[in-house]
Amino acid sequence: MAEKNMKEMSFLDHLEELRWLLVRSSAAILVCGVVAFFFSDFIFNEIIFGPKSPDFVTYQFFCDLGKQFDMADTMCITEIILPIQNREMGGQFSMHMWTSITVGFIFAFPFILWEIWKFISPALYDKEKKYAASFIIVSSLLFFIGVLFGYYLIAPLSVQFFASYIVSPEINNSIDIDSYISLMKTSAIASGLLFELPIIIFFLTKIGLVNPEFLRKYRKYTLVIVLILSAIITPPDVISQIIVAIPIMILYEASIWISVFVIKSQEKEKLKA
């Protein structure tokens, strides 16, 4: 096995490095958040409140898809009744601040990954450290794809479903702004982190916590969980549920192959040692 370049660090040294990682990452999020704060009109009116409009690209896609399968009556959305209210004196300002920070986190994510890589790099071998650029690029790309997936699929499907869900005509929907923003943020950020699954599996396989056999064994349970989640967050039709479930299962299958690659690489290293 190759020798490490870095000296062994004490526990306090690791804590100090972790502290600076958090400080620099927080500063990057804050800077990006400040920039986002001054683009509030675009962020709120065009992006966040976009899924409230029947003309949103996702609804048009499902409408066109429904026409292909003679399901236009059920898949074409002509109206979304979703009045949004603010009930706190400083509610809009607070929401503006936290939304800007969330946007800041999204755009600062590649920098955060770079900081994480610098933190873990002392434990890596020289030949592993050369993959820094690949790690940042691939991880960032997966995260941004996940954010777009959450925004363009999960969020609008959830908005449409919950806005049209009626228990009794006696109940009027008047959604609090915090609730709506929370749904949008959760859909985007959670999806972005979910799309990091291949990267997570890569490192878990490297340290021996998972292997391809384990992932294959629990594939069927994962499929069931994914289908249940898809049924919860999408309208009650099979097509939209499948559209949401397919990318997640592709990620899972890709993670299995990544785990296989890691195991084979480790076996080759043992033979060379």
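- Ile166 has its side chain out of reach of Ile171: every pair of non-hydrogen atoms, C-beta onward, lies at least 4.5 Å apart.
- Atoms OH and NZ, on Tyr59 and Lys52 in that order, are 9.5 Å from each other to the nearest 0.5 Å.
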* Asked: Taking it one step at a time, do Asn173 and Leu82 satisfy side-chain contact (heavy atoms from CB on, under 4.5 Å)?
  -> CA-CA 7 Å; Asn173 280 335; Leu82 191 66; 5.6 Å; no

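- Leu193 is connected to Leu21 through a chain of hydrophobic side-chain contacts under 4.5 Å among Ile, Leu, Val, Met, Phe, Trp and Tyr, so both are in one cluster.
- Residues Leu153 and Phe62 form a side-chain contact, since some pair of their non-hydrogen atoms from C-beta on lies under 4.5 Å apart.
- Note: Ile256 CD1 to Ile258 CD1 = 10.5 Å, rounded to the nearest 0.5 Å.
- Taking the six-membered ring where the residue is Trp, the centroids of Phe49 and Tyr180 are separated by under 6.0 Å.
- Salt-bridge annotation for Lys118 and Glu17: absent, with no side-chain N of the basic residue lying under 4.0 Å from a carboxylate O of the acidic one.
- Rounding to the nearest 0.5 angstrom, the gap separating the CD atom in Glu213 from the CZ atom in Arg216 is 6.0 Å.
- No path of Ile, Leu, Val, Met, Phe, Trp and Tyr side chains, each step under 4.5 Å between heavy atoms, connects Leu209 with Trp257, placing them in separate hydrophobic clusters.
- The neighbour count for Arg19 CZ, taken as heavy atoms of other residues, nucleotides or ligands under 6.0 Å away, is above 12.
- The CD1 atom of Ile29 sits 10.5 Å away from atom CD1 of Ile106, with the distance rounded to the nearest 0.5 Å.
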* Asked: side-chain contact (heavy atoms from CB on, under 4.5 Å) between Lys67 and Cys76: does it pass, once the steps are laid out?
  -> CA-CA 8 Å; Lys67 291 176 181 177; Cys76 287; 4.1 Å; yes

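- Of the possible polar contacts, none joining the Ser179 side chain to the Ile175 backbone as a donor-acceptor pair under 3.5 Å is found.
- Surrounding CZ of Phe144 are more than 12 heavy atoms belonging to other residues, nucleotides or ligands, all under 6.0 Å away.
- Atom-to-atom distance recorded for Phe61:CZ and Leu65:CG is 5.0 Å, nearest 0.5 angstrom.
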* Apply side-chain contact (heavy atoms from CB on, under 4.5 Å) to Ile137 and Phe135, showing your working. => CA-CA 6 Å; Ile137 293 172; Phe135 168 76; over 6 Å; no

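- By the 6.0 Å contact criterion, CD on Gln92 is open, its count of non-hydrogen atoms from other residues, nucleotides or ligands being 12 or less.
- In Ile81, the CD1 atom is not crowded: 12 or fewer heavy atoms of neighbouring residues, nucleotides or ligands sit closer than 6.0 Å.
- Here the side chains of Val35 and Phe107 are not in contact, with every heavy-atom distance at 4.5 Å or above.
- In this structure, the side chain of Glu46 does not engage the main chain of Asp41 through any donor-acceptor pair within 3.5 Å.
- Contact check for Asn86 versus Asp176: no side-chain heavy atoms found under the 4.5 Å cut-off.
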* To do: Go through Gln85 and Ile177 one step at a time and tell me if the side-chain contact (heavy atoms from CB on, under 4.5 Å) criterion holds.
  => CA-CA 6 Å; Gln85 64 176 349; Ile177 183 63; over 6 Å; no

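- Contact of the Leu113 side chain with the Ser140 side chain is registered, since non-hydrogen atoms from C-beta on lie closer than 4.5 Å.
- Phe195 has its ring centre no less than 6.0 Å from the ring centre of Phe143.
- At least one donor-acceptor pair under 3.5 Å links the side chain of His96 to the backbone N or O of Phe37.
- Atom-to-atom distance recorded for Leu204:CG and Leu197:CG is 9.0 Å, nearest 0.5 angstrom.
- Using a 4.5 Å cut-off on side-chain heavy atoms (C-beta onward), Thr58 and Pro51 make no contact.
- Ring centroids of Tyr218 and Tyr252 are separated by 6.0 Å or more, keeping the two rings apart.
- The shortest distance between side-chain heavy atoms of Glu196 and Ser139 falls below 4.5 Å.
- Side-chain contact between Thr78 and Pro54 is absent, with no heavy-atom pair separated by less than 4.5 Å.
- Criterion: ILVMFWY side-chain heavy atoms under 4.5 Å apart, direct or through other members. Under it, Ile80 and Val57 are part of a common hydrophobic cluster.
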* Take Phe105 and Phe111 through the ring-ring contact (aromatic ring centres under 6.0 Å, His included) test and state the conclusion after the steps. => CA-CA 10 Å; Phe105 170 79; Phe111 179 82; over 10 Å; no

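- Sorted by first then second residue, the side-chain hydrogen bond (donor to acceptor under 3.5 Å, both in side chains) pairs that include residues 20-37, not counting sequence neighbours, are Glu16-Trp20, Arg24-Glu115.
- In this structure, Tyr151 contributes its side chain and Pro156 its backbone to no donor-acceptor pair below 3.5 Å.
- Ser164 places a side-chain N or O within donor-acceptor distance of the main-chain N or O of Phe161, the cut-off being under 3.5 Å.
- Put simply, Ile77 and Tyr165 are part of the same group of oily side chains (I, L, V, M, F, W, Y) that touch within less than 4.5 Å, one to the next.
- Side-chain rings of Phe39 and Phe42 stay apart, their centers remaining 6.0 Å or farther from each other.
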